[in-house]
Amino acid sequence: MKQDMQSFVDIHLNQKSLHTYSLPDIAYSVPIRSLDTALSNDGQLPFADMLYGLQQRSRVGNVEWQSLEPAMERLAQLIAPQDTREIITATGDDWWLEIGPIDLNAKLVTIQRRDLLIAAIVNRGDGRLRVAVFRPLDAKSTGYLIGLGQTPHPEYGVNMRENNWEYALDASAGMGNHYAAGRGEAYLSYWETGIGILHDGTIAADWRKMKDLTSRAAALVVTELGVHYSLSPQEQEESNDNTETDTEQTTSVAFPLWHSKRQQKRTVKGRFLGCLLGGAVGDALGAPVEFMRRSEIFNTFSPDGITEYAPAYSGLGTITDDTQMTLFTAEGLLRAHVRFCFKGICHIPSVVSHAYLRWLLTQGERKAIKGHDIAGDGWLFQQRALHNRRAPGNTCLSALKAMKAFGDPACNDSKGCGGVMRMAPVGLMAWRKEEGWRNADDAFLLGTELAAQTHGHPTGALTGGVLAVLVLALVDGASLQGALAVAKALLQKMTTGNGIDDSCKGAQAVCRKKDAHKETLNAIEMAEELAASSMPPHEAIAKLGQGWVAEEALSISIYCALVARNFREGVILAVNHTGDSDSTGSITGNLLGAMYGVKAIPSTWLEPLELREVITELAEDLYAWRDWDIGEYSKNEELNERIWRKYPGW
């Protein structure tokens, strides 16, 4: 007997036990906690613990995992009930899967290792999953199935997707699969028209011949899922007791809460560049590890996690939908200014929503845009690199498809992070308009209203207003603590309805709901408290959440920006966690870039960054627009024509 895994020991069974139970003669790993049972003389072996130990051992890519499968199969047979049903439901506290045979000629997601099929997953038709399993389940494969089978939240879906099937499709596109496959571990694949048929219609013969495989008995699979689920250490989530007493709040808010600093023009320009480029850098660093657990990130890259760009979307330094939508937010704001200069009237949210629909065109969704004549004009739309689909959020896609009139708030109750992650340009535009704190109210309301165009839950929208104000304050030279003080005060002020005029449809829809601000406020305050504590960063971030929803993405980013000593440290911290790493990396990059300026961003991250020149030019235009002599009464016809062609204000 020898200890070869943390908290596990290997045991060898005597010949009598091997014969009695028809078990292969191998070393069986069991948790130390069950060792006494394993060594007892009453003839009862801990079959479940033995199976669990082999599940854990076989998940590692560098072990001879196939040699463990006969023992795993036999242990499952010894534990499984005598149940011959073809289809059985497997459930846990927060997951649900239907186990049974499936048609391998259908649209499906597979779990595979090397050239072997482990399991296949299809949509039951209601968004839930049916699973067929073909080989004994190792711990990683079992973890995939339980994770994909999460019981959707009644309002927010599963990890901010509408249902489990959509989440399975998104997860199969995650870069974590690339690294898992390279390590020889289980990974996910998507087959649109059946196993072995590639996207272009060609046949992968070795995979296509699997279409007639027979799945294992459902009772064995349910047993393996149950063993893994019941014996795995459960991640404990501390519940936050947000019970509050009814106390009278002060309604007077004194502004400014920070003192504007006199800054050189090059300093402010550096903050503008730092904000947008920093967000893109954080997005690109986090892109390869979205959908990966923290332990997987550290096992894949280094003892420090991911610290440099890794391959994602067929390149290094490639951006995701977070940066794409941020750029179209900036473009929409600039086109709104151009429209006002030439036509004398402009509703900013309507023009920005028009920009979001152009982004929707870049995602190949032209047929989905109904009732709107959207032209692919302007300089930004012509950037072909933007016409790549980079795992866009389903909420953003569905809300924009359903938009009936430009600027309308979304008719959903989503609080995903897709609203907040794109709002940094609002803060930049607001600073340039007033150069100081005087535009904080407008920045908050505009950020809230633009986020509400896709995310109708108060938290999904108000966090957008918060990020806009934080960027405004940081560019103005405020400390992050001072910026947070303003944002918190505005949260409370605006949600009483003060200062919201009838034109702010999106802001009205969320700000006037009772206690609309509390969830966002609580998340900010928790980030501040944890940043001031001695809790290790990875524990603090886990306590704040995973970043799939808006308040978690915002609070994780605030925490990382508060505790980081420099830009690099903060962004690395923001992406090395379980959850939406690209979004938290992007928001943290926005904040730290606005604080420290572009010179704080490592050149090794800037140089290979996708669309760096385009992002730089947009940031420069967000600073320069106030100085453009354009419009009906401008005598500079060349500038008029050039700016209109670049940012047409239809």
Side-chain angles (χ1 to χ4, degrees), residues 253-265 267-279 282 326 329-330 333 420-451 462-495 499 507 517 520-521 523-525 527-528 531 551 553-555 557-564 567 570 586-598 600 619 622-623 626:
V253 180
F255 292 103
L257 295 181
W258 79 84
H259 296 288
S260 297
K261 292 183 178 179
R262 182 181 296 275
Q263 302 178 84
Q264 296 292 326
K265 180 183 292 187
T267 301
V268 180
K269 284 185 175 180
R271 294 184 191 273
F272 273 57
L273 287 170
C275 181
L276 290 196
L277 287 169
T326 299
T329 301
L333 294 170
V420 59
M421 56 79 169
R422 63 180 193 253
M423 285 305 130
V426 175
L428 299 178
M429 194 81 169
W431 186 89
R432 193 65 175 102
K433 182 178 180 182
E434 295 289 346
E435 295 191 7
W437 54 265
R438 288 176 294 276
N439 208 29
D441 289 32
D442 290 345
F444 182 91
L445 289 173
L446 183 57
T448 297
E449 186 158 12
L450 296 185
L462 290 170
T463 46
V466 169
L467 182 61
V469 171
L470 293 180
V471 167
L472 164 63
L474 293 173
V475 166
D476 201 45
S479 67
L480 182 52
Q481 291 83 352
L484 287 167
V486 174
K488 290 188 293 183
L490 282 169
L491 267 174
Q492 297 176 72
K493 173 189 176 185
M494 293 301 178
T495 48
H517 69 288
T520 302
L521 182 62
I524 295 172
E525 291 178 340
E528 292 177 306
E551 78 276 15
L554 180 65
S555 62
S557 302
I558 289 171
Y559 170 85
C560 293
L562 283 170
V563 301
F567 182 93
S586 178
I587 298 171
T588 303
N590 290 146
L591 295 174
L592 291 173
M595 287 171 63
Y596 298 132
V598 68
L622 280 172
Y623 183 87
R626 193 175 173 187

Are [X] and [Y] close enough that some pair of their side-chain heavy atoms sits under 4.5 Å apart?
X	Y	result
Leu467	Met421	no
Val475	Gln263	no
Ile558	Ile524	yes
Val598	Phe272	no
Arg432	Leu622	no
Leu428	Tyr623	no
Leu450	Met423	yes

Looking at every non-hydrogen atom in both residues, tell me the closest pair between [X] and [Y] and how far apart they are.
X	Y	result
Leu480	Ala561	CD2-CB, 3.6 Å
Cys275	Ala424	SG-CB, 3.8 Å
Leu472	Ala430	CD1-C, 4.1 Å
Ala443	Val426	O-CG1, 3.7 Å
Gly570	Cys560	O-CB, 3.8 Å
Pro425	Leu276	CG-CD2, 4.2 Å

Handout entry: Side chain Arg271, main chain Tyr596, donor-acceptor under 3.5 Å
Key =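 It does not hold such a pair.
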Just how far is it from atom [atom1] of [X] to atom [atom2] of [Y], taken to the nearest 0.5 Å?
X	Y	atom1	atom2	result
Leu491	Thr463	CG	OG1	9.0 Å
Met595	Leu470	CE	CG	10.5 Å
Leu591	Leu554	CG	CG	7.5 Å
Glu528	Gln481	CD	CD	8.0 Å

Handout entry: side chain to side chain contact (heavy atoms under 4.5 Å, CB included) partner of Phe444, the single match among Asp441, Thr448, Asp442, Leu446
Key =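 The option that passes is Thr448.
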